[in-house]
Amino acid sequence: MTMDTGRADLTQAVLEGVAFAIRDSLEVAKKLEIHIQRSKICGGGAKSPLWKEIFANVLNVKLDIVESEQGPGMGGAMLAMVACGAYGSVEEVCAKLVHVVDTVEPDPELAARYEARYQQFRKIYPACKELFAELA
């Protein structure tokens, strides 16, 4: 940050930082040979067209926007429905209750720019790790 850093810069940093943190999880999946080419997004953040675009480009995957905003609660209820036998599988209950209303696709040029920024992001924590103990 500098004296020229403004509110828009800080807002962008928060949105990108969250997307980069989720990208870290995607990288774990890749190491486990789980190839995710598409995902779903819901909840409050999914209301922001900007944040959906940032996520699609940082993750470089298609993002399906689902009708329900109740992500975690709905997911828990769906798992309970499977556990009590109302549905035979997670796939079955998802097919019945999860409705995609829109899709955001990554922009190849922006995805490439975010890839470079993500690689910089990955270097920040190891570079600062020793300082955290000093600051505590």
Side-chain angles (χ1 to χ4, degrees):
M1 289 176 39
T2 69
M3 294 300 289
D4 295 327
T5 302
R7 182 180 180 134
D9 299 311
L10 293 174
T11 301
Q12 181 176 356
V14 169
L15 297 178
E16 290 176 353
V18 172
F20 288 154
I22 298 296
R23 169 71 186 270
D24 281 342
S25 297
L26 182 68
E27 293 303 315
V28 170
K30 285 179 183 178
K31 287 179 183 174
L32 296 171
E33 297 185 14
I34 301 169
H35 303 288
I36 300 169
Q37 297 176 346
R38 181 178 218 115
S39 189
K40 292 181 175 44
I41 187 170
C42 64
K47 293 179 184 178
S48 167
L50 175 61
W51 210 358
K52 289 184 283 193
E53 288 180 21
I54 289 172
F55 264 95
N57 289 308
V58 167
L59 301 176
N60 199 20
V61 299
K62 294 179 183 180
L63 283 182
D64 293 328
I65 293 79
V66 297
E67 184 176 51
S68 174
E69 294 180 14
Q70 308 304 318
M74 182 69 156
M78 291 165 61
L79 291 173
M81 289 180 211
V82 173
C84 73
Y87 289 92
S89 68
V90 172
E91 292 80 6
E92 181 184 347
V93 73
C94 285
K96 181 72 174 175
L97 300 180
V98 178
H99 306 288
V100 174
V101 295
D102 197 9
T103 299
V104 177
E105 296 198 28
D107 174 299
E109 184 180 326
L110 290 175
R113 286 186 191 173
Y114 272 121
E115 179 62 29
R117 290 187 70 151
Y118 174 70
Q119 295 307 323
Q120 291 172 329
F121 171 85
R122 290 186 61 208
K123 295 177 185 175
I124 292 172
Y125 181 81
C128 296
K129 188 175 179 181
E130 291 182 25
L131 295 174
F132 297 147
E134 291 177 27
L135 295 171

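Treat the numbers as computed from the prediction; the structure is a model and nothing was measured.
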(message) Connecting only ILVMFWY residues whose side-chain heavy atoms lie within less than 4.5 Å of each other, what is the rest of Phe132's hydrophobic cluster?
(response) Tyr125
(request) Look up atom OG in Ser39 and atom CD1 in Ile22, then write down how far apart they are to the nearest 0.5 Å. (result) 9.5 Å
(message) Taking side-chain contact (heavy atoms from CB on, under 4.5 Å) as the definition, give me every residue that meets it alongside Asp64, ordered by chain and number, with sequence neighbours left out.
(response) Arg38, Lys40, Val100, Thr103
(message) If you count heavy atoms of other groups shown closer than 6.0 angstrom to CD of Glu115, is the number above 12?
(response) yes
(request) Please report the C-alpha distance between Asp24 and Leu26 in whole Å, then the side-chain angles of each, then the deciding distance to 0.1 Å, and finally whether the side-chain contact (heavy atoms from CB on, under 4.5 Å) criterion is met. (result) CA-CA 5 Å; Asp24 281 342; Leu26 182 68; over 6 Å; no
(message) Any salt bridge linking Lys31 with Glu27? Criterion: basic side-chain nitrogen under 4.0 Å from a carboxylate oxygen.
(response) no
(request) First locate atom CD of Glu105, then atom CG of Asn60, and finally report the distance between them rounded to the nearest 0.5 Å. (result) 11.0 Å
(request) Identify, with sequence neighbours excluded, every residue that meets side-chain contact (heavy atoms from CB on, under 4.5 Å) alongside Lys96. (result) Tyr87
(request) Please name the pair of heavy atoms, one in Val93 and one in Val82, separated by the smallest distance, quoted to 0.1 Å. (result) CG1-CG2, 3.9 Å
(request) Of all the heavy-atom pairs spanning Met74 and Gln70, show the shortest one and how long it is. (result) CB-O, 2.6 Å
(message) So, taking the atom named NE2 in His99 and the one named OG in Ser68, what distance separates them when rounded to the nearest 0.5 Å?
(response) 9.5 Å
(message) So, using salt bridge (Lys or Arg N to Asp or Glu O under 4.0 Å) as the criterion, who are the partners of Lys47 when residues are at least two apart?
(response) Glu69
(request) Go through the structure and list residues passing side chain to side chain donor-acceptor pair (under 3.5 Å) with Glu109, not counting sequence neighbours. (result) Arg113
(message) Glu91: which residues meet the salt bridge (Lys or Arg N to Asp or Glu O under 4.0 Å) condition with it, sequence neighbours left out?
(response) none
(request) Could you tell me the separation between the SG atom of Cys42 and the CG atom of Leu63, rounded to the nearest 0.5 Å? (result) 11.0 Å
(request) Could you pull out all residues at least two apart from Val101 that satisfy side-chain contact (heavy atoms from CB on, under 4.5 Å)? (result) Ile65, Glu67
Distance-only check: which donor-acceptor pairs under 3.5 Å involve side-chain atoms of residues 48-58, not counting sequence neighbours?
unit_1 : atom_1 : unit_2 : atom_2 : d
Ser48  : OG     : Leu50  : N      : 3.4
Ser48  : OG     : Trp51  : N      : 3.1
Trp51  : NE1    : Leu15  : O      : 3.3
Lys52  : NZ     : Ala46  : O      : 3.2
Asn57  : OD1    : Asp107 : N      : 2.7
Asn57  : ND2    : Glu53  : O      : 2.8

(request) Could you grab the distance from atom CD of Glu134 to atom NZ of Lys129, nearest 0.5 Å is fine? (result) 14.0 Å
(message) Please give me the minimum heavy-atom distance between Ile36 and Ala29, naming the atom from each residue.
(response) CD1-CB, 4.0 Å
(request) Please go through Ile124's hydrophobic cluster and name the other residues, only I, L, V, M, F, W, Y counting, with side-chain heavy atoms under 4.5 Å joining them. (result) none
(request) State, with a plain yes or no, whether a side-chain heavy atom of Met78 is found less than 4.5 Å away from one of Leu97. (result) yes
(request) Would you please name every residue forming a side-chain contact (heavy atoms from CB on, under 4.5 Å) with Gln120, sequence neighbours left out? (result) Arg117
(request) Could you identify which residues cluster with Leu10, counting Ile, Leu, Val, Met, Phe, Trp and Tyr as linked when any side-chain heavy atoms lie under 4.5 Å apart, either directly or through a chain of such contacts? (result) Met1
(request) Give every residue pair that meets the ring-ring contact (aromatic ring centres under 6.0 Å, His included) criterion with at least one member in residues 1-33, sequence neighbours excluded. (result) Phe20-Tyr118, Phe20-Phe121
(request) Please tell me if the side chains of Val66 and Ile41 come closer than 4.5 Å, counting only heavy atoms from C-beta onward. (result) no
